[in-house]
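Worksheet: one structure, shown below.
Just so you know, these numbers come straight off a predicted model, no measurement behind them.
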Amino acid sequence: MGKQQSKEKLLYQQVRIGNIVKIRALRGKGVGLEWVDKQGDTPLMVACMYPKLIHVARTLIELGADVNAAPPNSRGYTPICNAAVRGLDKTVNLLLSHGAIVSTPTNFTISALDIARRWSFGNVVRVIENHTCLFSGLLREVYYPRYREGVDPPWLSGQIWAVVIYGCRDKLELRIYYSARVIQGIAN
């Protein structure tokens with residue numbers, strides 16, 4: 001006789017194929033949502049890897065899945081890290097709206113925001129920065145170049161766009177851009 005498959009693993013497989021009806025039925029029978037596969041992924045982490053599974057991620061969150069789960073063999077990745085590394089801004093927004101902590105570092109001491117920046121997913125960077133933003137706006141940059149002693153040169157100034165957010169390990173982070181257009185123009 002073949003091995004009996006665990007109900008948690010069955011739920012995990014239903015997540016992969018996007019069967020919300022079966023997921024709800026299994027959860028109704030008390031099946032847990034935090035089963036971890038060999039790669040260290042929970043069902044919610046898998047749902048956050050693919051854009052077509054955002055409805056599954058929403059369902060799992062409604063059913064009580066932990067949006068900040070970081071199983072021991074997941075390298076410290078959380079569901080928001082899985083969405084950020086793939087540039088899934090809608091999934092990142094969903095997770096943030098349900099309490100995902102963006103400043104939690106992975107085992108490599110980088111956050112989901114660092115991951116999005118590293119992979120040049122400007123859409124995800126904007127979503128995270130907008131969610132964690134303490135300040136954003138134009139700042140005037142003023143500097144006084146020294147040409148010659150005794151000559152009073154004019155003050156030079158320009159404007160820069162600054163964003164202050166909560167960074168990794170609860171430190172404030174200042175990001176400076178040439179203009180707000182630079183942020184809007186980051187490649188998706």
Side-chain angles (χ1 to χ4, degrees), residues 1-133 165-166 168 184 186-188:
M1 294 193 107
K3 273 170 103 172
Q4 179 81 18
Q5 184 176 8
S6 76
K7 290 183 180 182
E8 285 82 9
K9 189 171 183 178
L10 180 60
L11 184 135
Y12 177 87
Q13 291 172 342
Q14 296 306 312
V15 166
R16 284 193 157 294
I17 61 174
N19 189 343
I20 292 178
V21 174
K22 187 73 171 175
I23 292 167
R24 287 187 185 278
L26 287 167
R27 182 63 178 153
K29 294 178 182 177
V31 175
L33 299 173
E34 305 305 325
W35 184 81
V36 180
D37 69 1
K38 292 176 185 175
Q39 288 77 35
D41 295 326
T42 65
L44 180 58
M45 291 172 83
V46 170
C48 291
M49 291 182 197
Y50 306 100
K52 66 181 181 176
L53 294 180
I54 190 169
H55 65 289
V56 175
R58 185 175 290 112
T59 300
L60 290 169
I61 291 168
E62 289 171 5
L63 294 173
D66 183 2
V67 295
N68 293 308
N73 55 344
S74 70
R75 301 171 316 281
Y77 273 50
T78 59
I80 200 165
C81 291
N82 283 358
V85 79
R86 289 165 177 79
L88 305 179
D89 56 333
K90 291 177 184 165
T91 305
V92 167
N93 198 28
L94 171 71
L95 293 165
L96 289 171
S97 67
H98 285 89
I101 300 170
V102 73
S103 61
T104 303
T106 65
N107 292 357
F108 306 110
T109 66
I110 59 173
S111 67
L113 181 56
D114 298 326
I115 291 168
R117 284 182 183 142
R118 183 170 292 167
W119 289 95
S120 298
F121 290 123
N123 53 344
V124 175
V125 171
R126 283 189 304 277
V127 167
I128 295 172
E129 283 185 351
N130 286 339
H131 185 78
T132 62
C133 184
I165 60 170
Y166 281 112
C168 197
Q184 295 164 356
I186 296 174
N188 290 331

Under a 4.5 Å cut-off applied to non-hydrogen side-chain atoms, are [X] and [Y] in contact?
X	Y	answer
L11	W35	no
D41	M49	yes
L113	I165	yes
L44	I61	yes
T106	R75	no
I80	V67	no
N82	L88	no
R24	E62	yes

Separation of [Y] [atom2] from [X] [atom1] (nearest 0.5 Å):
X	Y	atom1	atom2	value
T59	I23	OG1	CD1	6.5 Å
R16	L53	CZ	CG	9.0 Å
K7	R27	NZ	CZ	13.0 Å
I20	Q14	CD1	CD	11.5 Å
N68	I101	CG	CD1	4.0 Å
R58	L95	CZ	CG	10.5 Å

Please report the closest heavy-atom contact between [X] and [Y], naming both atoms and the distance.
X	Y	value
A116	V124	CB-CG1, 3.6 Å
L60	A47	CD1-CB, 4.1 Å
H55	G18	NE2-O, 3.9 Å
P79	A69	CD-O, 3.4 Å
I110	R118	CD1-NH1, 3.8 Å
A84	V92	N-CG2, 4.0 Å

Exercise. Taking N130 for the side chain and R126 for the main chain, is one N or O donor matched with an acceptor at less than 3.5 Å?
Worked result: yes

Problem set entry | Heavy-atom donor-acceptor pair, D114 side chain to S111 backbone, under 3.5 Å | yes

Problem set entry | Check against side chain to side chain contact (heavy atoms under 4.5 Å, CB included), Q13 and K22 | CA-CA 10 Å; Q13 291 172 342; K22 187 73 171 175; over 6 Å; no

